[in-house]
Amino acid sequence: MGIFRWLLKVSSDVFMRSLNNLSIKSKLIMMLLAVSSCSILVTAYLGYRSGKTNLTSRVFNQLTSVRASKAYQIEAYFKNIQNHTQTLSEDPSIVAAMQEFDVAYRQLQSANVPDLFDNKIATYYRNEFLPRLAKVEEGSPILQSYTPKATASRYLQYYYIAANPNPVGKKHLLNAANDGSQYSRLHARYHPIFRKIIEKFGYYDMFLIDPQGTVVYTVFKETDFVSNFEIGSYKDSNLAKLSAIVRESKERDFSKIVDFAAYAPSYGAPAAFIAAPIFNQSELIGILAFQLPVDEINNVMTGNRNWERDGLGKTGESYLVGRDFLMRSVSRFLVQDPKGYTQALRSLGVKEPDINRIQQYNTSILQQTVRTEAAEESLAGKQGTQIIDDYRGIPVLSSYAPLRIDGLDWVILSEMDLSEAYDPIYSFQHQILVYATLLMLLVTLIAMAMAYLFVKPINRLIESARKVAAGELTAIAPLETEDEFGELAKSFNAMVRSLRTQTNLVEQKNQENEQLLLSVFPAAIAKRLKRGEKDIAEDVSNVAVLFSELTGFSKLSASLTAYEIVAILNDLVTAFDEAAERYGMEKIKTIGDSYLAVCGLSVPYLDHDKRAIDFALEMLAIIRRFNHERDFQLNIRIGINSGDVVAGIVGRNKFIYDVWGDTINLANALRAVCPPGSILVAQGVHHRLHDLYEFEAMGELVANGKTKLNAWRLKTTQLSVQSEGLGIA
């Protein structure tokens, strides 16, 4: 962390030095570019955010609308199926068919079933049924576990399945077997009607089940035909459980739906069923059941595979999920791109047996796990919208809600890939970047032109100021504009004229003050002069030197008379002198608005450095108080050093007590580079007093254009005269 802070400080210092070295023109260009760039970026960002929010809201509303529409269709579809099943279970033809098929089945219990029949049945199971079932079940299915045991069941499976000339999947096309039995005569009468029912209403199969659990009739003639759900190989199927529930209910106007599960007679394919009891007056004589059509559910959820027409774009879909987090309708991506769908599943780590079952059944029902945030929320009974990762691991906008279907704990989700939903905003973002770049280039050119025009008057003022600095006090800035630069030029010209006047006046006053100060010496020097010593000179060690200079005094002089100026300066110097006496400082001389004082010259002090700093703070306080009382705008800059000096009397007829040496020169240099309202001290002073005062490093400063020195600013002086509202800095 220390290295990081050091690097940050160095980088900041380098940046500030680089910034300070830039011209006003460059800074102005940077300011215009910064302001315009920030405005462009903020506007673009707000536009992007607003567009993104509005687009998200619009897509969510669209998905919610699709979801609500599909939910209504699915709920209405299952309600119609329930009503249809209940109605058919009360139809006299169904009641009659149930009774007659039950009787005809029992008659066949005494029929002759030769070994040929059993062999034919075994061959069918071995060659047709079991190989298909083995593809989706673990291990090898055992033949004896599935072949029928009852005499009537073996008889009917032989004629209607094993000996049926129609291929697998079309066994229902046989209207009646040529065995001359009562069952076949009934089959010839009812089967075309029942086959038309499932074709017209879209059911997969229709079942008549007697009260003992035997399937005495089916339309499709799969291996569950004439099997028993109490003791047969399919006793653990969802249809067997549904049959038991309906038999136990013994209620009229009752129907029950059982959720999808793998159904062995359909070769392990997902199957859902609905069933209702069949009563003859008050007697339960059987059960009417339908195997629900997967295709019809998929058609509702996929809009007959017209997702784009439903407003779901190229990646949107609506699908159903059960309590087990498995799909109850087909995935759009399996339908449109099976290869890409399976690759996506493999990339997510889905096991190969699960992928094989999806490919085998060509459906994601009961195969695709959907354990997403939206699915969990909706299965908890909540509805809403979220941006989530879907079952493919892809970000989507999802709208979800539970369904209200008796007997089924399902939820519905409508989703669209985030990339497609945000495609317009991504295009808008690209356009914003292009236009923002072009606009910033244009702003750069305009900023350069404006900066040139802006700094042109400043350059003229700089040229005039350089002439004045070179001593040419007749230099006048040739600006005639009426703006702030014009006012600045007028003030500059007035300052030059005032400076000429004040320079002459200050020189005159300095001469007068010099005559007065010749008679003011330290007590020890005065005594030596009385003793007749003429050449007085001595080396003095451990001396603190304070060099100060008033600022703002020249500007103040422009509005006052010479008498007032001298009076003001005398008041200030008198106040300084009184303070110097309190702190043990000896005033050496004043030169105009400069003040030189020394501590430890005549009387040694161990704390000469501290006394000099305390006196400097008192000088600042005097300036603040002076400004407050007289409404002036003065300030002061102070340099402090300590070390060895040479002191002595200079002159014969007109003499003066003065001090020399590098210590004096360094204090003077510190005063020259000191900011107004501040106190700069040399490195030695800082080293001795840094425990008593708080200093701020000013770095290496250049005085008089060539002298390099290290200076420290006393931080307690940062509350300047101007910051107190009493003057200028």
Side-chain angles (χ1 to χ4, degrees), residues 48-82 202 293-323 325-337 364-365 368 370-392 394-406 408-428:
Y48 172 77
R49 284 293 302 272
S50 177
K52 184 177 181 181
T53 301
N54 292 334
L55 182 62
T56 302
S57 177
R58 182 178 66 81
V59 175
F60 272 140
N61 290 338
Q62 180 177 342
L63 290 174
T64 301
S65 177
V66 173
R67 183 207 73 200
S69 175
K70 298 296 182 184
Y72 174 78
Q73 293 180 57
I74 284 293
E75 291 169 353
Y77 173 74
F78 277 98
K79 186 64 176 178
N80 290 336
I81 288 177
Q82 286 182 304
V294 174
D295 290 342
E296 288 298 321
I297 296 175
N298 288 335
N299 287 338
V300 172
M301 298 309 299
T302 64
N304 292 317
R305 302 193 177 187
N306 289 312
W307 292 275
E308 293 189 40
R309 187 186 63 187
D310 284 349
L312 293 173
K314 298 184 181 300
T315 60
E317 63 171 339
S318 295
Y319 58 92
L320 304 173
V321 178
R323 172 57 61 181
F325 292 98
L326 296 176
M327 274 192 175
R328 294 301 191 270
S329 63
V330 72
S331 167
R332 172 181 184 172
F333 306 101
L334 174 61
V335 174
Q336 290 187 326
D337 184 16
S364 57
I365 298 176
Q368 175 65 64
V370 186
R371 193 174 289 275
T372 64
E373 295 179 31
E376 292 175 350
E377 288 283 312
S378 53
L379 285 170
K382 302 176 182 178
Q383 65 178 16
T385 56
Q386 285 191 54
I387 297 178
I388 62 167
D389 289 342
D390 72 352
Y391 57 89
R392 300 167 297 148
I394 294 176
V396 297
L397 281 78
S398 179
S399 178
Y400 52 88
L403 289 173
R404 294 186 296 274
I405 302 175
D406 292 339
L408 297 178
D409 192 4
W410 289 0
V411 297
I412 183 171
L413 300 94
S414 292
E415 297 175 344
M416 180 181 291
D417 283 7
L418 193 66
S419 58
E420 180 184 6
Y422 283 177
D423 184 64
I425 201 66
Y426 293 150
S427 177
F428 177 62

Heavy-atom side-chain contact between I387 and F60 under 4.5 Å: yes

Short side-chain to backbone donor-acceptor contact, S378 and A374, under 3.5 Å: yes

CD-OG1 distance between Q336 and T315, expressed to the nearest 0.5 angstrom: 9.5 Å

Contact summary for E420 and G316, nearest pair of heavy atoms: OE1-N, 4.1 Å

Validation row: W307, K314 side chains within 4.5 angstrom (heavy atoms): no

Closest contact, heavy atoms only, R309 versus G303: NH2-O, 3.3 Å

Non-hydrogen side-chain atoms of T302 and V335 separated by less than 4.5 Å: no

Side chain to side chain, V330 and M301, heavy atoms closer than 4.5 Å: no

Heavy-atom pair with the smallest gap, counting every atom of L312 and M416: O-CE, 3.4 Å

Identified side chain to side chain contact (heavy atoms under 4.5 Å, CB included) counterpart of L418 within the set L397, D423, V396: L397

Distance, nearest 0.5 Å, that separates CG of L408 from CD of E75: 11.0 Å

R67 side chain reached by Q383 side chain, heavy atoms, under 4.5 Å: yes

Salt bridge (charged side-chain N to carboxylate O under 4.0 Å, His left out): pairs with one or both residues in residues 325-334, sequence neighbours excluded: D259-R328, D324-R328

Shortest non-hydrogen separation from D417 to R392 and the atoms involved: OD1-NH2, 2.6 Å

Expected output: side-chain D337 to main-chain F333 donor-acceptor under 3.5 Å: no

Gap between atom CG of N299 and atom CG of N304 - 0.5 Å precision: 4.5 Å

Close side-chain approach of S399 to E415, heavy-atom, < 4.5 Å: no

Verdict with supporting geometry, I405 and I74, side-chain contact (heavy atoms from CB on, under 4.5 Å): CA-CA 9 Å; I405 302 175; I74 284 293; 3.6 Å; yes

Side-chain donor-acceptor pair present, T372, Y400, cut-off under 3.5 Å: no

T385 side chain reached by T64 side chain, heavy atoms, under 4.5 Å: yes

Check: W410 and L403 side chains under 4.5 Å, non-hydrogen atoms: yes

Pairing of D310 and K70 as salt bridge, 4.0 angstrom limit: yes

Near-ring test Y391/Y319, centroid separation under 6.0 angstrom: yes

Rounded distance (nearest 0.5 Å) linking atom CZ of R305 with atom CG of N298: 8.0 Å

Between CD on residue E376 and NZ on residue K382, distance to nearest 0.5 Å: 10.5 Å

Closest non-hydrogen atom pair between A375 and V370, with its separation: CB-O, 3.3 Å

Atom pair CD1/CG of I365 and L326 - distance to nearest 0.5 Å: 11.0 Å

Sole candidate of S414, S329, S69 that passes side chain to side chain donor-acceptor pair (under 3.5 Å) when paired with S318: S414

